[in-house]
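Input: a single structure, listed below in structure tokens.
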Amino acid sequence: MEKFYITTPIYYVNAAPHIGHTYTTIASDVYKRYKRMQGFDARLTTGTDEHGQKIERSAKKAGKSPQDFTDAIAAEFKQTWENFQFGIDFFQRTTSSSHAEKVQELYNRCKANGYIYKSSYTGYYSVVQEAFVQDAKEGDVDPETGQPLELVTEENCFFKLSAFTDKLIAFHEENPDFLQPETRRNEVLAFLKQEGGLKDLSISRTTIKWGIPVPDEPDHVFYVWFDALTTYMSAVSGTELWPADLHMIGKEIVRFHAIYWPAFLWAADWPLPKKIFAHGWLLFDNNKMSKSRGNIVRPEPIRQAMGADALRYYLLREIVFGSDGNFAYDALVTRYNADLANGLGNLASRTLSMIHQYRGGTVKTASGAQTLPISNTISAAIEGYEKLDFSKALESIWGLISAADKYIVEQAPWKLAKDPAAADQLDAVLSNVYDALRVVTVLAAPVLPDSCARIWKLLGFTTPVESELLGQLEDAPTAETRSIPPVEPVFPRLDMKVTIDKLNDLEQQEAARQAVILGKTAEEPKSAVDEGTAIPLAPEITIDDFVKVDLRVGEVKFAERVKGADKLLHLKVDIGEPEPRTIVAGIALAYAPETLVGRKVVIVANLAPRKLRGLESRGMIVAASLEGGKPVLAGFLEHVPIGARLK
RNA sequence: GCCGGUGUAGCUCAGGUGGUUAGAGCGGCGGUCUCAUAAUCCGCAGGUCGUAGGUUCGAGUCCUACCGCCGGCACCA
């Protein structure tokens, strides 16, 4: 049997499983089930990414050792995926010894081939982002979070990524199917074709302890890239599964998979994966999900209230795979009732009931020519699955359900049943509908494994539905009389309000339960920053250090957008000097220029001038920085004179 | 600012290479059947296909400009 190896990303254990993780894993699981039904020996790897400074810190905050902390979260992921009955063959943790060996092997091979060198690097480092901030200067803050930077000189191991720029461009141009959807490939090519090409990549750290040691470099541990990506191989060490046939990822990690990863593998003389598919994000009320917004949705409550299949179906039917999509509880319940309860569930129920009532629970199979669009549905559904166009596959399957419902009304078996002369006709109708239901059940099985297994039994089959082969689906079973068991409902209708209330209740309980595992108190309000990564305090300073900073009250006299930049405002601020100062501030997303004129602000008056977009900025506006959010200017409740110093 | 994508009925979206009255699902309204999970089936939505031009005998479908939204890059002190 030909193998087909699929991977999900490995999930960072800084957070408990949420619906975004679940989405990727569901899609991977569905594809795996589909491939199995195509006759492949399909395998699926997932896992957890457990190293790094953030984890060290979160563990400390939770009062645990990194090992205990990651054990707990990894177990949480594992349990959640087990609850969902995903067909996971390999669950790899980056803290496992088999993984460390593979990472070191990758390194050794790259080094032997001349792609590793050591170099010291001095720069401003953001602890929160675990990354150097390029071109930062003294006094700068983390651009993402506004948190202080540390000046760090570090000896790092570098990977010669720059050597692969041209090869990567050629590769992506010659292999348009390697990275899908198309729009992601365009972005990668645009990135690769940047002036100057790719820069070498720092792959080790001496500032972190919680990581895999670099061979021959006692003070170094591997930084995220070599560590995380290699999981796809280490998970299947000792098998013939590598190279992967499909890396399923979210669009936020495209660059690592489509640029870094092929380069590493080339450098190590290892084969590349066959395909990368990047799906979109789940939005919640059209906003990105984030902890600070408090709109994280967890999978477990949905599973408990509605079943795993309901979530699987909703996510893959409602959202075009590859695009961003909105997630909403009411849409979930609506989809469930319309398509699963009224559609598939009801068709099964009415069909099987008639077979019981009119024919004592036996149906004659393969009665004659197809009168329903079975053949077209099969090919359309398979084509959709193959291209990971799940919504299209489901749409075509549900088209057959619809056709069957219509056919039943047209043929009115309940009338035929009253006419002894129409007995053959009734047999044919029941047989046709039964066969359509059989096809639907098999085709939908990758998405609805649990429900379809139940329907399959109700149809009188004793072998598992997942062992059916899609390639043989169109061949009707040999003519026989099949008896079916008593009818049971598969998708009971759900009351909208009751269900949503239940979902909300369970969600609250689940959030509280997860908070405990993450070492947080449940009541802890959402703070400005991610609770797991509270801003570490900057190093202690003396009063003498502080007085070096000259903070002044100023009034904005003039404000306009800086041409060619969407975050910058050009301000003129009066702090009592003869001329108002020019200050360029990155607050354009948060404040319209006209709303600022006349406003009192706090500025750092003795900051070294800096040129930004051609304007010399003499000072810096003081503002609160929020994670992923917009800056908020400091201000005063009482009247203050222009030029007053803050101490 | 550059690059890519996108803007079609209340909502979610289909509409290869331009061609009769622009489609589906959901919701809503009316009706029907009774096998079925108050399910099914039928009918009803009069939408300037973002805006303005252009090419064409003819454009939602091609071109240009502009506007809105999304993303990538630049940018953020």
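All heavy atoms count here, side chains included; hydrogens, waters and symmetry mates do not. Lettering follows sequence order; numbering is per chain, from 1.
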Spacing of Glu187(A) atom CD relative to rA74(B) atom P, expressed in whole Å: 12 Å

Euclidean distance for P, rG5(B) against rG15(B) (whole angstrom): 16 Å

Between C1' of rG71(B) and CD1 of Ile253(A), the distance in whole Å: 16 Å

Nearest-Å distance once atom C1' is located in both rG18(B) and rG60(B): 10 Å

Closest listed nucleotide, where the reference is the side chain of Lys406(A) and the choices are rC42(B), rG72(B), rG4(B): rC42(B)

rC49(B) - base-pair partner by Watson-Crick or wobble geometry, distances under 3.5 Å: none

Counterpart base for rA39(B), defined by Watson-Crick or G-U wobble contacts under 3.5 Å: none

rC26(B): pairing nucleotide in any strand, Watson-Crick or G-U under 3.5 angstrom: rG10(B)

Any Lys193(A) side-chain N or O less than 4.0 Å from OP1/OP2 of rC3(B): no

Rounded distance (Å) that lies between atom C1' of rA77(B) and atom CG of Leu633(A): 14 Å

Interatomic distance at C1', rC29(B) relative to rC66(B), whole Å: 40 Å

Rounded P spacing from rG46(B) to rC41(B) in Å: 23 Å

Side chain of Trp414(A) - closest among rG4(B), rG71(B), rU34(B): rU34(B)

Base-pairing mate for rG60(B) - Watson-Crick or G-U, with both contacts under 3.5 Å: none

Between P of rU32(B) and CD of Glu410(A), the distance in whole Å: 19 Å

Tyr23(A) side-chain N/O to Arg312(A) backbone N/O, donor-acceptor pair under 3.5 Å: no

Salt bridge present between Glu187(A) and Arg185(A) (N-O < 4.0 angstrom): no

Touch class at under 4.0 angstrom, heavy-atom based, for Ala585(A) against every strand present: sugar-phosphate

Whichever of Ser349(A) and Thr334(A) has its nearest RNA chain B nucleotide further upstream toward 5': Thr334(A)

Counter-base of rG16(B), judged by Watson-Crick or G-U geometry with both distances under 3.5 Å: none

Sugar-phosphate, base or nothing in reach of Tyr358(A), heavy atoms under 4.0 Å: sugar-phosphate

Nucleotide rU34(B), atom P - distance to CG of Asn346(A) in whole Å: 16 Å

Arg493(A) side chain near rA38(B) phosphate (N/O to OP1/OP2, under 4.0 Å): no

Minimum-distance nucleotide (side-chain atoms of Arg184(A) versus rU37(B), rG71(B), rA36(B)): rG71(B)

CZ on Arg493(A) to OG1 on Thr499(A), rounded to 0.5 Å: 10.0 Å

Cationic N near anionic O, under 4.0 Å, Glu318(A) to Arg335(A): yes

Assigned partner base of rG4(B), Watson-Crick or wobble definition, under 3.5 Å: rC70(B)

Separation of the P atoms in rU61(B) and rU8(B), to the nearest angstrom: 13 Å

Ion pair Arg552(A)/Asp550(A), N-O distance below 4.0 Å: yes

Sugar-phosphate only, base, or nothing, as touched by Val254(A) at under 4.0 Å among non-hydrogen atoms: nothing

Touch class at under 4.0 angstrom, heavy-atom based, for Ala190(A) against every strand present: nothing

Interatomic distance, Leu347(A) CG vs rA36(B) P [rounded to whole Å]: 14 Å

Geometric cation-pi criterion, Arg184(A) with Phe277(A): 6.0 Å, 45°: no

Nearest-angstrom distance, P atom, rC73(B) to rG10(B): 36 Å

Short side-chain N/O contact from Gln357(A) to OP1 or OP2 of rA36(B), under 4.0 Å: yes

Nucleotide nearest Arg255(A) when distance is taken to its side chain, options rG72(B), rC41(B), rG4(B): rG72(B)

Between P of rC3(B) and CZ of Arg185(A), the distance in whole Å: 19 Å

Rounded distance (Å) that lies between atom P of rC73(B) and atom CD of Glu252(A): 13 Å

5' priority, RNA chain B, between Ile401(A) and Phe191(A) [closest heavy atom]: Ile401(A)

Residues Asp419(A), Lys415(A): salt bridge by 4.0 Å N-O rule: no

Rounded C1' spacing from rU32(B) to rU56(B) in Å: 48 Å

Pairing of Asp177(A) and Lys275(A) as salt bridge, 4.0 angstrom limit: no

Residue-phosphate contact under 4.0 Å: Ser402(A) side-chain N/O, rA24(B) OP1/OP2: no

Touch class at under 4.0 angstrom, heavy-atom based, for Asp405(A) against every strand present: sugar-phosphate

Nearest-angstrom distance, P atom, rU6(B) to rC62(B): 10 Å

